[in-house]
Asker: 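First the structure, then my questions, so here it is.
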Amino acid sequence: MHTTFPFLPSRAALLAGSAAVCALGSVEATAGGVRAGTLIENTAIATYDDGAASRTITSNTVTILVDELLDVTVTSLNSQPVLASPGEAVLTFEVTNQGNGPEAFDLIARTNLADNEFETAFTSVAIDSNGNGVYDAGVDEILAASRTTPILAADQAITVFVIVDVPGDVEDQQTSGVELIANATTGTGAPGTAFAGQGEGGGDAIAGTSTASASARGALRAGVATLSLIKSVSFQDPFGEQSAVPGTLATFTLVADVTGSGSIDDLIVVDAIPDGTTYAEGTLTLDDGPLTDASGDDAGEASNENGISVSLGSAAVGAQHTITFTVTID
Ligand SMILES: [Ca+2]
Ligand SMILES: [Ca+2]
Ligand SMILES: [Ca+2]
């Protein structure tokens with residue numbers, strides 16, 4: 001079978017052609033489409049034969065000024081909940097201009113979310129000035145109130161840090177969320193909402209499918225290390241028995257256990273020599289190893305006047321340390 005055209009023009013063979021050009025050169029596209037402010041010019045061409053000659057005419061040119069779509073996404077860059085202990089905690093987000101023109105975004109951080117098991121206090125929002133993906137205090141710029149990002153080019157993304165304060169009474173493994181909202185500074189609204197003349201290049205700005213606003217939630221999980229200290233005593237009396245009489249050696253055992261999450265720092269265990277007893281010189285031990293009574297030569301020191309002191313420094317969860325020392329009952 002061959003195809004026949006249902007319509008055969010007799011004299012004028014009409015050819016409709018079109019040319020799309022940008023007044024400034026090639027048409028640049030972004031994730032949000034053709035760049036805002038682009039002029040798209042379009043002229044139609046018709047050619048025909050009037051019997052005497054083949055002729056060509058062109059239509060008037062229609063020029064389209066591309067309006068600016070306002071669209072944004074926010075994502076959390078923390079793949080796991082941020083481990084939080086009392087004090088500062090940092091959540092990391094990415095804000096991307098998904099529109100087709102330059103736009104800045106107002107950032108709002110919310111810490112009072114409905115299902116939070118503890119509540120953080122908002123401290124500040126910073127941008128990753130040195131681009132290393134990590135919050136660097138004193139280097140990364142803290143945004144002043146209104147917390148507006150720099151103007152982001154179409155498709156540009158920036159890393160944003162939300163810095164919060166974790167309360168001192170947080171319990172291990174409790175969770176909390178922080179939401180970061182980004183609103184286009186030109187305005188937000190239902191998709192299609194127009195802001196006349198406020199688009200890049202003099203066109204309108206138009207809220208896109210994101211409503212020119214987006215948010216994401218980051219999570220915190222409290223990691224709190226707790227220290228337990230258990231003290232016990234055993235006796236060896238002058239008769240080889242366990243009575244507590246004058247002359248009995250009383251050995252105290254202190255067991256320090258770190259539980260929960262994370263670690264603790266600057267751990268020091270001290271104990272006084274009880275009244276009615278005298279320190280038995282050279283009896284201080286740590287984890288079954290001897291410590292000298294002198295100060296400054298190892299982790300411990302002991303004397304009848306000042307009691308015992310053992311510096312354990314940092315200790316991670318699961319660490320257990322045992323200290324012993326002996327006194328004589330006077
Ligand atoms: Ca804009
Ligand atoms: Ca940084
Ligand atoms: Ca010592």
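Just so you know, ligand 1 is whichever comes first in the structure, and atom 1 is the first atom listed for that ligand. Hydrogens, waters and symmetry mates are skipped; everything else that's a heavy atom, side chains included, is used.
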Asker: Is the count of non-hydrogen atoms from other residues, nucleotides or ligands lying under 6.0 Å from D297 atom CG greater than 12?
Answerer: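 Above 12, so yes.
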
Asker: Any N/O/S atom of A294 sitting less than 3.0 Å from the Ca ion (ligand 3), backbone or side chain?
Answerer: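 Yes, A294 qualifies, because one of its backbone or side-chain N, O or S atoms lies under 3.0 Å.
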
Asker: Checking only N/O/S atoms, does D297 have one that is under 3.0 Å from the Ca ion (ligand 3)?
Answerer: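 Yes - counting backbone and side chain alike, D297 has an N, O or S atom under 3.0 Å.
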
Asker: If I take every N, O or S atom of A302, is at least one of them less than 3.0 Å from the Ca ion (ligand 3)?
Answerer: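 Short answer: no, not a single N, O or S atom is under the cut-off.
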
Asker: So with a 6.0 Å cut-off around CD of E281, is the heavy-atom count from everything else above 12?
Answerer: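 Counting other residues, nucleotides and ligands, CD of E281 stays at 12 neighbours or fewer.
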
Asker: Which atoms of the protein, restricted to N, O or S, are nearer than 3.0 Å to the Ca ion (ligand 1)?
Answerer: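 Short answer, with waters excluded from the count: E68 OE1, E68 OE2, P102 O, E103 OE1.
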
Asker: Strictly under 3.0 Å of the Ca ion (ligand 2): which protein N/O/S atoms qualify?
Answerer: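 Checking every protein N, O and S atom gives D128 OD1, N130 OD1, N132 OD1, V134 O, D136 OD2, D140 OD1, D140 OD2.
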
Asker: Surrounding CD1 of I151 (heavy atoms of other residues, nucleotides or ligands, distance under 6.0 Å), is the total greater than 12?
Answerer: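 Result for CD1/I151: open.
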
Asker: Give a yes or no on whether E171 atom CD has more than 12 heavy-atom contacts from other residues, nucleotides or ligands under 6.0 Å away.
Answerer: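 Counting neighbours around CD of E171, 12 or fewer heavy atoms of other residues, nucleotides or ligands fall under 6.0 Å, so no.
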
Asker: OD1 (D298) to the Ca ion (ligand 3) to O (T292): angle, nearest 10 degrees?
Answerer: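 Seen from the Ca ion (ligand 3), OD1 and O are separated by roughly 110°.
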
Asker: Between E103 and T185, is there a side-chain donor-acceptor contact under 3.5 Å, judged purely by atom types and distance?
Answerer: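 There is such a pair between these side chains.
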
Asker: Could you check whether any side-chain N or O of D49 sits under 3.5 Å from a backbone N or O of G51, counting only pairs where one atom can act as donor and the other as acceptor?
Answerer: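 Side chain of D49 to backbone of G51: a pair is present.
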
Asker: Scan T277, T285, T251 and name whichever one has a side-chain hydrogen bond (donor to acceptor under 3.5 Å, both in side chains) with T326.
Answerer: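 Among the candidates, only T251 passes.
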
Asker: Would you check if there is a donor-acceptor pair between the side chains of T148 and S146 at a distance under 3.5 Å?
Answerer: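 On atom types as modelled, these side chains qualify, holding a pair under 3.5 Å.
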
Asker: Check whether the side chains of D172 and S261 place a donor and an acceptor atom closer than 3.5 Å, and report yes or no.
Answerer: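 Yes.
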
Asker: What's the verdict on side chain to side chain donor-acceptor pair (under 3.5 Å) for D330 and T278, showing C-alpha distance, side-chain angles and the deciding distance?
Answerer: CA-CA 7 Å; D330 298 337; T278 301; 2.7 Å; yes

Asker: Between S309 and E301, is any side-chain donor less than 3.5 angstrom from a side-chain acceptor?
Answerer: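 No pair is found: no donor N or O on one side chain lies under 3.5 Å from an acceptor on the other.
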
